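As structure tokens, the structure follows; a few thoughts come after it.
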Amino acid sequence: MKRYSNSTEVDFLIIGAGAAGGIMAKQLSTAGFSVVVLEQGGWGKYGREHEYNKDEWLNRNLSDDDRLMSDPARQRNTFRPNDKVKAVPGNHSYGCVVGGGTVTYGGSNWRHLPYEFREASHDPTIPSGTGMADWPVTYEELEPYYTQAEWETGVSGVRVDSPFVAPMSKDYPVPPMPLKSSGALMKTAAAKMGLTVVPGPLAIISQPYMGREACVNCGICSGYGCQVRARSSSAVTMFPIAEKTGRCEIRVKSYVREITLDNNGRVNGVVYFDAQKRELRQKAKSVILSANAGESARLLLLSKSSRFPDGLANSSGLVGKYVMFGNGAGASALFEHPLNEYKGVISGAGIVDFVPSDPKRGFYGGGRMTARGYLTPFELGLGGLSPGTPRWGAGYKKALQEEANHRMTISCFVTQLPLETNRIDLDPDVKDEWGLPAMRITSSAHPDDIKNMEFFRKKSIEILEAAGAKKIWAPPVSESRNGAHNRGTCRMGNDPKKSVVDKYHKAHDVPNLFIVDGSSFVTGGRNHPTLTIEALAFRAAEHIVKNAKSGTLVTKA
Amino acid sequence: MSAKRRSRRSFLVESFTGLNAAWVAANYPGILAAQNYVRKATDAGQTPRLAVLNEAQAVEIEAMTAQIIPSDSTPGAREAHCVYFIDRALATFSKDKQPAYMQGLQDLQAKALQLYPGVGKFSALTPEQQIKTLTEIEKTPFFEMVRTHTIIGFLSRPEHGGNSNKVGWKLIGYDDSLNHKPPFGYYDAQA
């Protein structure tokens, strides 16, 4: 792999090797630019994916080198529901490895629907006083990049013609993953209720594609690296191509603590800690921040200067604000015959009829209902049995045996209203392992979000009843307080007073700083952010390459 | 040394004596194989399989695990060798839990004595008495920890010491081939 010295001024420095970072690295390096990617996590099993473990006990006890997610004991964070109370230690965690969250995620890859980019001006159900705003890009503008993301990463699915699914200009590159019993039961219910079931589009390939093997339905999936490279993470799709150009260096265990500015208000590099916590500098002509919504916002807030006393690129005061973590709701059920949901991918078919918000429901909100049931042996044994079963003894054992392969879950991925009061900032007291102010999360769901979750909880029960369940249970709804679906902290927009980046992800305040990840989201869609992050990244990369080549951004090395 | 080996073997062999007779009859060849395996391992002078717990402690912990996942018409925690999983966990990933186990064992003993004066040990109680004793402590962190370790030991890969002969996976119908082809279940096969 190409190595650059710290004093070499590379064309682009990318912070974060996740979904967006991988696309930026590949697109910029193949276009001829010199690129350094700084990733705070390690390599994982990059290039030797067959070594990923499928061992639940080992996975709960990973060494720092083998961790694939951040560790709330090191990447400390705190949480408070509102400004009136003091934040307490939180357990926010996200992908922290080359490939980021795409190394371990379930792989759901839904597109946003066209109207999700302009809900604020078109949806009469939106309550007043929220941060809902139209995106500065339309679905039509983004559509080619959705297609590009699906074909360059590898997404399984089938194109359907439905008002509840985004229209596509091209089929998926590979067919959908096989129907599971949970999906078959969902179809039974949907047929009775007149609802639409669609196979879930997944970044897990159902057939060999671009030199990678098809999924073998091993079932130890979400939360684990993929041994057969079927999950289309940026670690197997983007970074290998970037590396092969000889122009891209991926530098792991590199924890960035500040993006630095020159006297002209342009960024000129970063200060970071290496694995031994030595402080180093890397010079760059331009910086791409792709650290995920939480960490990108935090790094900007940490990068204070006389020009930006409230944090880099934060003249609007909006950096960190409007954070959305993604709410959910659902229900589980037991059926007479075995489903064996532990086989195969975690997320199967989806009911999509309730994606749009409906004035008849009396609140703003929509969502997608997905058929799941995935429980690993530990999850089943430790907490997966139906309510009312004994926790130990003969009754426990009997339930363990009887319920094991007979259950499914409907997991709904639903809207979350962006609120200015929900935000990421710096904790005044708690420091992370590097001695920097910890991330503080302040978040409370809007009342409509709670009503919406309750709607989906009840709808899940109805569907399971229609599917013929023997026993159904649904936990009370609760809002998300953290998690890897975080987005919205550096929203894009045309007005520098009301947004942090422009429609091409350039910081309004800094001409050579680009923020490309889930932080750009104006609204949360129906959760499932990854494919939209990827489409936005391909689009941003194209624009940056064009400008850089014409000399308006950086001079080619 | 040889005395120690013998007693360790007898502990393992005794592990099989708490079984329901019907299960023993149905699984006799398997038990013989397991006993034979233990015998061979011990006679070959391999490193003792207990690393942290002494035998007396292992007997008490095993008695606990055997009430958490009892043996009836199918194997339970005892046949899954959950106590060996726990011992290995205490030597490795859960080293920090050693003091809690030692203290918890003392508390268990005290509780058993309080409820059934005159009986020396928890493991010497009748099954009904053991259940009564554990019900008294089931809200304690110690019980929760042993429950968690027992279940994990029952359902984790056999190389960690438990789930011997994959009896845990067999109970829940889990096929560990990590390679499956549709149809996966009844309903997708019907679709």
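In what follows, chains carry the letters A, B, and so on, assigned in the order in which the sequence lines appear, proteins first and then strands, with residues in each chain numbered from 1. Computed from a prediction, not measured in an experiment: that's the story for all the values here.
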Quiz item: Any donor-acceptor pair under 3.5 Å linking the side chain of A/Lys397 with the backbone of B/Thr74?
Solution: yes
Exercise. Give, for atom CZ of A/Phe378 and atom CZ of B/Phe154, the distance between the pair rounded to the nearest 0.5 Å.
Key: 12.5 Å
Quiz prompt | Nearest-0.5 Å distance that lies between atom CG in A/Leu339 and atom CZ in B/Phe184 | solution = 12.0 Å
Quiz item: Taking atom NZ of B/Lys132 as the centre, does the number of heavy atoms from other residues, nucleotides or ligands within less than 6.0 Å exceed 12?
Solution: no
Quiz item: What part of B/Asp176 is in contact with chain A, defined as an atom under 4.5 angstrom from a non-hydrogen atom: side chain, backbone, both or neither?
Solution: neither
Quiz item: Just wondering, do B/Tyr187 and A/Glu336 contact through their side chains at under 4.5 Å, heavy atoms?
Solution: yes
Practice problem: List the atom of A/Ala184, the atom of B/Ala191, and the distance in Å for their closest heavy-atom pair. | Solution: CB-CB, 4.0 Å
Practice problem: Specify which of B/Thr148, B/Thr92, B/Thr150 makes the most heavy-atom pairs with chain A at under 4.5 Å. | Solution: B/Thr148
Quiz prompt | B/Gln130 versus chain A, the contacting section by heavy-atom distance below 4.5 Å | solution = neither
Exercise. Heavy atoms only: give me the nearest B/Asp175-A/Tyr342 pair and the separation to one decimal.
Key: N-OH, 2.8 Å
Exercise. May I ask you to check whether over 12 heavy atoms, not counting those of A/Lys187, lie within 6.0 Å of atom NZ?
Key: no
Quiz item: Does B/Phe143 have A/Arg391 sitting over its ring (NZ/CZ under 6.0 Å from centre, angle to axis within 45°)?
Solution: no
Quiz item: If you round to the nearest 0.5 Å, how far is CG of A/Leu58 from CZ of B/Phe93?
Solution: 5.0 Å
Quiz item: What part of B/Thr135 lies closer than 4.5 angstrom to a heavy atom of chain A: side chain, backbone, both or neither?
Solution: both
Quiz item: Side chain, backbone, both or neither: which part of B/Pro182 has a heavy atom under 4.5 Å from chain A?
Solution: side chain
Self-check item: Leading residue by heavy atom contact count with chain A [cutoff under 4.5 Å; candidates B/Gln190, B/Glu144, B/Glu159, B/Lys170]
Solution: B/Glu144
Practice problem: Check step by step if side chain to side chain contact (heavy atoms under 4.5 Å, CB included) holds for A/Asp55 and B/His160. | Solution: CA-CA 10 Å; A/Asp55 181 325; B/His160 298 302; 2.6 Å; yes
Quiz prompt | CG on B/Leu171 to CD on A/Glu402, rounded to 0.5 Å | solution = 10.0 Å
Quiz item: What distance do B/Asn179 atom CG and A/Gln227 atom CD have between them, rounded to the nearest 0.5 Å?
Solution: 10.5 Å
Quiz item: Taking A/Ser182, A/Ser181, A/Ala404, A/Cys218 one by one, which has the highest count of heavy-atom pairs under 4.5 Å against chain B?
Solution: A/Ser181
Quiz item: Where does B/Ser94 contact chain A at under 4.5 Å (heavy atoms): side chain, backbone, both or neither?
Solution: side chain
Quiz item: Quick one: does B/Arg147's side chain get under 4.5 Å of A/Tyr396's, heavy atoms only?
Solution: yes
Practice problem: Taking A/Asn405 for its side chain and B/Ile172 for its backbone only, find out whether a donor-acceptor pair lies under 3.5 Å. | Solution: yes
Practice problem: Report the C-alpha distance between A/Phe335 and B/Tyr186 in whole Å, list the side-chain angles of each, state the deciding distance to 0.1 Å, and finish with yes or no for side chain to side chain contact (heavy atoms under 4.5 Å, CB included). | Solution: CA-CA 10 Å; A/Phe335 289 85; B/Tyr186 175 87; over 6 Å; no
Exercise. Apply the side chain to side chain contact (heavy atoms under 4.5 Å, CB included) test between A/Trp392 and each candidate in B/Ile131, B/Ile151, B/Val146; give the one that qualifies.
Key: B/Ile131
Quiz prompt | Check: B/His180/A/Asn340 side-chain N/O donor and acceptor closer than 3.5 Å | solution = no
Practice problem: Determine whether more than 12 heavy atoms belonging to other residues, nucleotides or ligands lie under 6.0 Å from atom NZ of A/Lys398. | Solution: no
Exercise. Among A/His337, A/Lys180, A/Glu56, A/Lys54, single out the residue with the greatest number of heavy-atom pairs under 4.5 Å to chain B.
Key: A/His337
Quiz item: How long is the gap from CD on A/Gln401 to OG on B/Ser73, to the nearest 0.5 Å?
Solution: 7.0 Å
